[in-house]
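All values below come from the heavy atoms of this structure, side chains included, with hydrogens, waters and symmetry mates left out. Order of the sequence lines sets the chain letters (A, B, ...), proteins ahead of strands, with each chain counted from 1.
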Number of protein chains: 2
Amino acid sequence: MKTAPASARADEPRWLTDEEQRVWRSYIDATTLLEDHLDRQLQRDAGMPHVYYGLLVRLAESPRRRLRMTELAMSAKITRSRLSHAVARLEKNGWVRREDCPSDKRGQFAVLTDEGQEVLRRHAPGHVDAVRQAVFDRLTPEQQKSLGEIMRIIAEGLQPSEAGADLPWLR
Amino acid sequence: MKTAPASARADEPRWLTDEEQRVWRSYIDATTLLEDHLDRQLQRDAGMPHVYYGLLVRLAESPRRRLRMTELAMSAKITRSRLSHAVARLEKNGWVRREDCPSDKRGQFAVLTDEGQEVLRRHAPGHVDAVRQAVFDRLTPEQQKSLGEIMRIIAEGLQPSEAGADLPWLR
DNA sequence: CGGTGGAAGTTGAGAGTTCAAGCACGCTGG
DNA sequence: CCAGCGTGCTTGAACTCTCAACTTCCACCG
């Protein structure tokens, strides 16, 4: 990367200013370190990466502890392919079970098993602690609010456009 | 996850409040989507994931376009192992070359080649654009400043503690 | 009906990451 | 001077993720 030119030419890209660069580096550093940290914590304690844990959480919060594959994928912001592999693995662990969708023979539900529920119950405290220690305990209430707003803005800008608004089975 | 209990028992973990949960979800969503977005953009245009691109950038900024493996790993916040694999791949592409360290026979330098430099030059504009569109163009100056501060705080809390302050070859 | 396009989900191969182990070398104390 | 511990870096295997097919089924149109 470069510093912003004193006089910007039209064909020159708008480089990041020094200050923007510092912000961006901090973002990269923080997200890299944090993802790594949480992955390690959960891998060690619960035997799965952070994304997988997130999948279980979403299932646990859903009615009848189940979600259509596509719905779960969108909710977790991952591809269906990735989810397929993930669920296969979680199924092997006995934490998730697949069920056919009665109304659409192509459809599959991912269902949280009792074992899955139990794993979650057992490891949620440790995970929450990790998140608190790394994030919330270090930020003022204003910063927390700010972080929420900023992240919401960034996420909205990247959403596959109004996704989820048009799932037939939700209507 | 759960909502915060009305009366907190001492042995109950300090669950995230609803508001904290919303912030945390936004964080997860934004970072997942953004990492994915940048990875895809760079993979498509430059033929490498975002982390690898970051490695080239750090080398380009270093004196004599070279860095000791450990130094580079710390700077990028990744493990040495991961770096070893990454550099092996970049070497195959001809973008990085390894060089022995004269003063420490165990040591290795990763050196950015001319080809590597060129790849960077060619794809930096696209990358900066992507970052701008996804992040900076959507945030007010205050939010940018805030983001920088917050991320710096989080990153500092997770640093392997004062790392880099004790590299012998830096003294 | 029957065809056709699209949606749901899976699969396999290749690329990237992690983790534990390993090799080679530097450094320090006896 | 050399034994032994620590450092710098690499390696291989197991695991995860991506990308591009592919299968199956739904929905719509004539």
Side-chain angles (χ1 to χ4, degrees), chain A residues 32 35-44 46-55 67-74 76-93 96 98-110 160 163-164 166-171, chain B residues 32 35-44 46-55 67-74 76-93 96 98-110 160 163-164 166-171:
Chain A
T32 307
E35 194 192 320
D36 219 70
H37 182 67
L38 295 180
D39 265 347
R40 239 180 269 287
Q41 189 262 320
L42 279 170
Q43 190 69 59
R44 174 169 48 76
M48 67 187 136
H50 184 217
V51 192
Y52 289 23
Y53 180 89
L55 297 175
L67 239 29
R68 285 286 291 269
M69 293 296 278
T70 297
E71 236 179 325
L72 182 50
M74 294 179 86
K77 271 81 190 168
I78 64 178
T79 62
R80 290 175 207 168
S81 172
R82 186 173 176 183
L83 181 62
S84 261
H85 289 297
V87 167
R89 199 276 220 180
L90 292 171
E91 211 170 10
K92 240 175 243 161
N93 282 267
V96 165
R98 285 182 217 248
E99 262 184 41
D100 292 344
C101 175
S103 62
D104 185 339
K105 279 177 197 160
R106 296 165 304 176
Q108 288 279 104
F109 282 104
D166 53 345
L167 276 323
W169 62 75
L170 285 183
R171 277 196 278 109
Chain B
T32 306
E35 193 192 322
D36 219 70
H37 182 66
L38 296 181
D39 264 347
R40 241 180 267 286
Q41 188 263 321
L42 279 170
Q43 190 68 58
R44 175 167 48 74
M48 68 186 135
H50 185 217
V51 192
Y52 288 25
Y53 180 88
L55 297 175
L67 239 29
R68 285 286 293 268
M69 293 294 280
T70 298
E71 236 178 326
L72 181 50
M74 294 179 86
K77 271 80 191 170
I78 64 178
T79 63
R80 289 171 216 186
S81 170
R82 186 172 175 185
L83 181 62
S84 262
H85 289 296
V87 167
R89 200 275 220 180
L90 292 171
E91 210 169 11
K92 241 175 244 161
N93 283 269
V96 164
R98 285 183 219 248
E99 263 184 42
D100 292 345
C101 175
S103 62
D104 186 337
K105 278 175 197 160
R106 295 165 306 176
Q108 288 278 102
F109 282 103
D166 53 344
L167 275 325
W169 61 76
L170 286 183
R171 279 195 279 107

R98(B) vs dC9(D): side-chain N/O to OP1/OP2 distance below 4.0 Å: no

Please round to the nearest 0.5 Å and tell me the distance separating atom OG1 of T79(B) and atom NE2 of H85(B). 8.0 Å

Minimal non-hydrogen separation, P49(B) against R89(B), with atom names: CD-NH2, 4.1 Å

OG1 (T70(B)) and CE (M74(B)) are apart, to the nearest 0.5 Å, by 8.0 Å

Between CG of L90(B) and CZ of R98(B), what distance do you get to the nearest 0.5 Å? 9.5 Å

If I take atom CG in residue L42(A) and atom C1' in nucleotide dC15(D), what distance separates them, rounded to the nearest angstrom? 16 Å

With the criterion being N/O to N/O and under 3.5 Å, what pairs connect the protein with nucleotides 16-20 of chain D, and how long is each?
{"residue": "dT16(D)", "atom": "OP1", "partner": "R89(A)", "partner atom": "NE", "Å": "3.1"}
{"residue": "dT16(D)", "atom": "OP1", "partner": "R89(A)", "partner atom": "NH2", "Å": "3.1"}
{"residue": "dC17(D)", "atom": "OP1", "partner": "R82(A)", "partner atom": "NE", "Å": "3.3"}
{"residue": "dC17(D)", "atom": "OP1", "partner": "R82(A)", "partner atom": "NH2", "Å": "2.7"}
{"residue": "dC17(D)", "atom": "OP2", "partner": "Y52(A)", "partner atom": "OH", "Å": "3.1"}
{"residue": "dT18(D)", "atom": "OP1", "partner": "D36(B)", "partner atom": "OD1", "Å": "3.4"}
{"residue": "dT18(D)", "atom": "O4", "partner": "H85(A)", "partner atom": "NE2", "Å": "3.0"}
{"residue": "dC19(D)", "atom": "OP2", "partner": "R40(B)", "partner atom": "NH1", "Å": "2.6"}
{"residue": "dC19(D)", "atom": "N4", "partner": "S81(A)", "partner atom": "OG", "Å": "2.5"}

Spacing of H50(B) atom NE2 relative to dA15(C) atom C1', expressed in whole Å: 18 Å

Take the protein atom OH of Y53(B) and the nucleotide atom C1' of dG16(C), then report the distance between them rounded to whole Å. 20 Å

Side-chain N or O of R80(A) versus OP1/OP2 of dA8(C): is the shortest distance under 4.0 Å? yes

Could you check if a side-chain atom of M48(A) sits within less than 4.5 angstrom of a side-chain atom of N93(A), using non-hydrogen atoms only? no

Measure CG/D104(B) against P/dG8(D) and give the value in whole Å, please. 8 Å

Under the 3.5 Å rule, do the base of dA24(C) and the side chain of R106(B) count as making a donor-acceptor pair? no

From NZ of K92(A) across to P of dA14(D) the rounded distance in Å is 13 Å

Smallest heavy-atom separation, V51(A) atom then R82(A) atom, equals CG2-NH2, 3.4 Å

Keeping the roles fixed (side chain from D100(A), backbone from P102(A)), state whether a donor-acceptor pair exists under 3.5 Å. no

M69(B) CE to dT11(D) C1': how many Å, rounded? 13 Å

Length of the line joining L83(B):CG and dG8(D):P, which is rounded to integer Å: 14 Å

Between Q108(B) (CD) and dC9(D) (C1'), how many Å, whole number? 8 Å

